[in-house]
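From a predicted model like this one, the values you see are computed outputs, not experimental measurements.
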Amino acid sequence: MTAIKSQVNSRSAEFRANAERMRNLVSDLREKISTVTQGGDQAARDKHLARGLIAAQRNDLCFLF
């Protein structure tokens, strides 16, 4: 198989700016995923519980048992 030669210059200012932007986006996504897996932010969880509803994580456990 023939190797594909890359024209990407990883030392260019544009490449470095894009890499930094991607790192920031990935970090932001990880924070959002963490918030979602906790059932939302604290205000959303409090509102949910104030209505007498079961938190999503606990709701899933109720179906298992």
Listed partners of Lys5 passing salt bridge (charged side-chain N to carboxylate O under 4.0 Å, His left out), at least two apart:
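Lys5 satisfies salt bridge (charged side-chain N to carboxylate O under 4.0 Å, His left out) with no residue once adjacent residues are dropped.
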How long is the span from the CZ atom in Arg30 to the OG1 atom in Thr35, to the nearest 0.5 Å?
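The OG1 atom of Thr35 is 14.5 Å from CZ of Arg30, to the nearest 0.5 Å.
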Measuring from Met22:CE to Leu29:CG, what's the distance to the nearest 0.5 Å?
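Taking CE in Met22 and CG in Leu29, the distance rounds to 10.5 Å.
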List the residues meeting side-chain contact (heavy atoms from CB on, under 4.5 Å) with Ile4, not counting sequence neighbours, and say none if there are none.
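None.
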Is there a side-chain contact between Arg23 and Ser27 in this structure, where contact means two heavy atoms from C-beta onward sitting under 4.5 Å apart?
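They are not in contact (no side-chain heavy atoms under 4.5 Å apart), so the answer is no.
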Pairs in or reaching into residues 6-18: which pass side-chain hydrogen bond (donor to acceptor under 3.5 Å, both in side chains), with residues at least two apart or in two chains?
none
